[in-house]
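Beneath this line is the structure, given in C-alpha cells, with notes to follow.
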Amino acid sequence: MFDSVVECIVKRKATPGVICGRIAMIILNLLVTVLTILALLTQSFLFAVAFLGLMASIALTVVVFKKTCVEFEYNYFDDKLRVDKVSNSSSRRTLHTFDVSKIELLAPEGSSHLGGGVNNRVKYDYSVHDNAITSYILVASDEDNDICELKFTPNEEIISAIKRFHSRNVYDN
C-alpha cells in the first residue's frame, strides 16, 4: 500500500549521568591499579587478589562503556515507525513499533500544536538529548494499540514521508 521506506540513525548524546559513570569507572580502575602495584611491592598473596580485582574492574568498565554508547534507528515502512536501539554499534534491539496510520499528531517539541497534552499517556524518549537538534513528538498507537507519546529525532525524510500520507496531523513549524 505504501511505498515509502525511510531509515534514520541518530547517536544519543551522553547525559551527565553517563559521563559521571564513565569517569567513576576510570577512577576505580586507577585506584585498583595503584592497589595492585602496592600489593606487588609488599606481599605476593595480596597481589593475586588485587590482580583479580583489577581484571574485574576492567571487565566492568568495558561493559559500562559498551552499554552507554547508544544509537537509535528509526525505520518508516508500510505506515509503521519502528524504533531500534543499537548499543555499541553491534547489538540491535527493537524497542517499539508505532502504527502511524493511527496518528493523532506529529509536531516539533515545544510546538503550540502540542497543547497541554494528556498526562496519563505512556511516554517514550528515544531522542538524541541535544538541544541543538529539533526533536519531535509523535502521538500514535503502539503495537498494543495503546496511545503513546514518542519523543524522537527524525530526519527530514521521515517527516516528509509521514506528512505525505497524513498531512492533516503533521506540523513542522
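Bear in mind that the values here come from a model prediction, so they are computed numbers and not experimental data.
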In the structure I gave you, are the side-chain heavy atoms of K80 and V100 within less than 4.5 Å of one another anywhere?
no
Quick check, are the ring centers of Y74 and F152 under 6.0 angstrom apart?
yes
Exercise answer: donor-acceptor pairs, residues 46-55 side-chain atoms, under 3.5 Å, sequence neighbours excluded:
none

Is I158 reachable from V128 through a run of I, L, V, M, F, W or Y residues, each pair having side-chain heavy atoms under 4.5 Å apart?
yes
With distance as the sole test, does D125 use its side chain to make a donor-acceptor pair with the main-chain N or O of S127 at under 3.5 Å?
yes
Under the salt bridge (charged side-chain N to carboxylate O under 4.0 Å, His left out) test, residues paired with E104 that sit two or more places apart:
R121
What pairs of residues pass the side chain to side chain donor-acceptor pair (under 3.5 Å) test when at least one of them lies in residues 9-20, not counting sequence neighbours?
R12-H129
Give a yes or no on whether V6 and V83 share a hydrophobic cluster (residues Ile, Leu, Val, Met, Phe, Trp, Tyr; joining criterion: side-chain heavy atoms under 4.5 Å apart).
yes
Do any N or O atoms from the side chain of D99 and from the backbone of S101 form a donor-acceptor pair under 3.5 angstrom?
yes
Checking one residue: I26. Which other hydrophobic residues are in its cluster under the side-chain 4.5 Å linking rule?
L30, F65
Rounded distance (nearest 0.5 Å) linking atom CG of L150 with atom CD1 of I137:
7.5 Å
From Y136 atom OH to I162 atom CD1, the distance as rounded to the nearest 0.5 Å:
10.5 Å
Has the side chain of N155 got a donor or acceptor atom that lies under 3.5 Å from a matching backbone atom of C8?
no
Please test V86 against I9 for side chain to side chain contact (heavy atoms under 4.5 Å, CB included), starting from the C-alpha separation and ending with a verdict.
CA-CA 9 Å; V86 181; I9 297 177; 5.9 Å; no
Who are the salt bridge (charged side-chain N to carboxylate O under 4.0 Å, His left out) partners of K163, not counting sequence neighbours?
D172
Pair V5, Y76 - check side chain to side chain contact (heavy atoms under 4.5 Å, CB included), show working.
CA-CA 6 Å; V5 177; Y76 179 68; over 6 Å; no
Search all heavy atoms of I103 against all heavy atoms of A140 and return the closest pair with its distance.
CA-CB, 4.0 Å
Considering only residues two or more places apart or on different chains, which pairs with a residue in residues 28-40 satisfy side chain to side chain donor-acceptor pair (under 3.5 Å)?
N29-S57, N29-T61
Given side chains that start at C-beta, do those of E109 and K151 come closer than 4.5 Å, heavy atoms only?
yes
With clusters defined by side-chain heavy atoms of hydrophobic residues (ILVMFWY) lying less than 4.5 Å apart, directly or transitively, does V18 cluster with V63?
no
List for me each residue that meets salt bridge (charged side-chain N to carboxylate O under 4.0 Å, His left out) alongside R82, sequence neighbours excluded, and say none if there are none.
D84
Using side chain to side chain donor-acceptor pair (under 3.5 Å) as the criterion, list what pairs up with Y124, not counting sequence neighbours.
H96
What pairs with S141 under side chain to side chain donor-acceptor pair (under 3.5 Å), at least two apart in sequence or on another chain?
none
By side chain to side chain donor-acceptor pair (under 3.5 Å), which residues pair with K102, not counting sequence neighbours?
N145
The salt bridge (charged side-chain N to carboxylate O under 4.0 Å, His left out) partners of K67 (sequence neighbours excluded) come to none
With sequence neighbours excluded, residues passing side chain to side chain donor-acceptor pair (under 3.5 Å) with T68:
R22
So if you build clusters from Ile, Leu, Val, Met, Phe, Trp, Tyr with side-chain heavy-atom gaps below 4.5 Å, do V122 and L106 land together?
yes
Under 6.0 Å from the CG atom of N131, do we count more than 12 heavy atoms belonging to anything else shown?
no
Answer with yes or no whether the hydrophobic clustering places M25 together with V62; edges join I, L, V, M, F, W, Y residues whose side-chain heavy atoms lie under 4.5 Å apart.
no
Rounded to the nearest 0.5 Å, how far does OG of S160 lie from CD of E157?
6.5 Å
Go through the steps to decide whether F98 and C148 satisfy the test side chain to side chain contact (heavy atoms under 4.5 Å, CB included), and finish with yes or no.
CA-CA 9 Å; F98 296 91; C148 301; 4.0 Å; yes
